[in-house]
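This report refers to the structure that appears directly beneath it.
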Protein chains: 2
Amino acid sequence: MTAVLVIEDDDRIRLALLLALEDEGYEARGAATAEEGLRSQRRESADYVLVDLMLPGIDGFEAIRQLRRDDDVPIVVVSARDDTHDIVAALEAGADDYVVKPVAIKELTARLRALRRRARTVTAVEAEVPVFSFGELEVSPEAGEVRRAGEPVALTRTEFRLLCELAEHAGRVLSRQQLLSRVWGYDTGDERLVDVHVGRLRQKIESDPANPRHLVTLRGLGYKLQR
Amino acid sequence: MTAVLVIEDDDRIRLALLLALEDEGYEARGAATAEEGLRSQRRESADYVLVDLMLPGIDGFEAIRQLRRDDDVPIVVVSARDDTHDIVAALEAGADDYVVKPVAIKELTARLRALRRRARTVTAVEAEVPVFSFGELEVSPEAGEVRRAGEPVALTRTEFRLLCELAEHAGRVLSRQQLLSRVWGYDTGDERLVDVHVGRLRQKIESDPANPRHLVTLRGLGYKLQR
DNA sequence: GGGGTTTTGTCACACAACTGTCATACGACC
DNA sequence: GGTCGTATGACAGTTGTGTGACAAAACCCC
């Protein structure tokens, strides 16, 4: 289950947030001070942190900086203060979003989901799995994985190899002959075979297979994978 | 430079945003309709997109969905409507953030910077594709691509091969016989064939095909590609 | 080992795009 | 002004590509 840590000194507001988040299916934890929140996050890492700015002791800005020092968790500031300076300072400190109290729980959770889409890609960086990226398309030959807008795409082995071959030569044309040789190991053979597999690949990775954006045909030359 | 695309139908607001963004050091582009914005983004990908929700024709929500289909550019909604339903719907459609007009430019840019931290995806180190450059004309044999003032030019295979051959011998005259042999592989043949293809090529790469600047004729000698 | 499912390679067809030829017009050069 | 070389538009035949159908092969799960 997705866990959210709420750092907020006002008991009423904190409790209301915790209850609302639990209603929405999150596992919610509370902390009344920055110190307590930081300790909680170190002990048991939550997936998101909501933090107020005006806190006794260490304030919200400092809490964000300390959190950011060794944690990449998405941080959303939930503050009563609607002031450009605060917003800018909080974001500069390392927050990902800033919402003004009172906030609708539906908006808050929608913002958390939006953040998750982005946070996922960072995880990929940390895993250090090489990933070729073409707009919304991600190809990871080592992981044997292809994603489109973050969603895994099921490819057959041949399609996958073909895609990897093209990805490794991103931006360059590969002739049917080259593909036949590199993907299939054929020194000679029917080049139409390539066409068919490219067509099948397009069905799976292009949003409009008839007007491919990434896997393009260069008439008379071959195929190319591009951003 | 970081480029931002602003999709907003109100001329005054769009202009104000564009100017403010440029003041902040961004390269700002404007679009008055979703259609125009989508086209612009397809043609020349910006690093961020700001989009209004109430647009003539395709509305903001649909614009976000269409953008998201094949682009993972960070999208920020800039709307006058401060309604939870709109916010949730926009974020669900694929937006990354939602700010309410009027918005302080400092807040907006702080939010863009916050997004960038998240949006960063791995781009595999890939060797640059070599490009021959002739003024506003760029020829990239390996990419199978030709651009004129940054805009891709659609060439046929023969035209492309002809252009590459000329580009690789930039500044030097190639006789029709040489071209016939290198591009077509003909040891003998009608030299008029070269003329026809040079003519077609000029139509596509020269701004004034009748007075070619780059692909020039050397009467009695042949053709030459020059800066 | 067997039955069902998925994947693969081949083929045929349809359509769009390209090519080479020709006739004619244009323009530079002497 | 005449001549030669070059540009251009039209056209029909050819080629290149996308796609759906199909059968063989590979795979998988009992």
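Here the structure is a predicted model, which is why all the values come from computation and not from measurement. Each chain gets a letter, A, B and so on, in the order the sequences are listed, and its residues count up from 1.
- If you take CG of A/L218 and C1' of D/dG18, they are 15 Å apart, rounded to a whole angstrom.
- Proximity of a side-chain donor or acceptor of B/Q41 to a complementary backbone N or O of B/A46 within less than 3.5 Å is detected.
- Computed from coordinates, the A/N211 CG to D/dG18 C1' distance equals 12 Å when rounded to whole Å.
- A/F160 comes within contact range of no nucleotide atom at all, as no heavy-atom separation falls under 4.0 Å.
- Listed pair B/R202 / D/dT8 fails the phosphate criterion, with no side-chain N or O lying under 4.0 Å from OP1 or OP2.
- A/L221 has its CG atom 16 Å from the P atom of C/dA17, to the nearest Å.
- Relative to the side chain of B/D195, the nucleotides D/dT6, C/dT21, D/dG20 differ in distance, and D/dT6 lies closest.
- Contact check, B/T217 against D/dG5: no side-chain N or O comes under 4.0 Å of OP1 or OP2.
- Note: CG (B/L201) to P (D/dT6) measures 17 Å, nearest angstrom.
- Put simply, B/Y186 has no side-chain N or O that comes within less than 4.0 Å of OP1 or OP2 on C/dT19.
- Among the heavy atoms of the strands lying under 4.0 Å from B/V196 is at least one base atom, whether or not backbone atoms are also near.
- Between C/dT8, C/dC11, C/dG20, one nucleotide has an atom nearer to the side chain of A/T158 than all others, and that is C/dT8.
- Atom C1' of nucleotide D/dA7 and atom CD of B/E191 are separated by 15 Å, given to the nearest angstrom.
- Note on A/G220: only backbone sugar-phosphate atoms sit closer than 4.0 angstrom, heavy atoms only; bases stay farther off.
- Distances were taken from every side-chain heavy atom of A/R200 (C-beta onward) to each of D/dA21, C/dT21, D/dT17; the shortest belongs to D/dA21.
- Look at A/W184 and you won't find any side-chain N or O under 4.0 angstrom from OP1 or OP2 of C/dT8.
- The side chain of A/R219 sits closest to C/dA17 out of C/dA17, C/dG20, D/dG18.
- The separation between B/L215 atom CG and D/dT6 atom P is 14 Å, rounded to whole Å.
- Comment: B/D47 does not engage B/R116 in a salt bridge, judged by the lack of any side-chain N to carboxylate O separation of less than 4.0 angstrom.
- Taking 4.5 Å as the limit, some side-chain heavy atom of A/Y98 sits within range of a side-chain heavy atom of B/R111.
- In this structure, CG of A/L155 is placed 13 Å from C1' of C/dT7, rounded to the nearest angstrom.
- Looking at A/R192, its side chain comes within 3.5 Å of the base of D/dG18 through a donor and an acceptor atom.
- In this structure, A/T156 does not reach the C/dT6 phosphate: none of its side-chain N or O atoms is under 4.0 Å from OP1 or OP2.
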Go through it in stages, so that I can follow the logic: the residues are B/H214 and B/R148, the test is side chain to side chain contact (heavy atoms under 4.5 Å, CB included), and I'd like the CA-CA distance, side-chain angles, deciding distance and then a yes or no. CA-CA 12 Å; B/H214 301 297; B/R148 182 172 133 204; over 6 Å; no
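- For A/Q203, taking side-chain heavy atoms from C-beta onward, the closest of the listed nucleotides D/dT19, C/dT21, D/dG18 is D/dT19.
- Within the 4.5 Å cutoff, side-chain heavy atoms of B/Y26 are placed close to those of B/L112.
- Whole-Å rounding puts the A/Q177 CD to D/dG16 C1' distance at 16 Å.
- Contact of the A/L108 side chain with the A/L50 side chain is registered, since non-hydrogen atoms from C-beta on lie closer than 4.5 Å.
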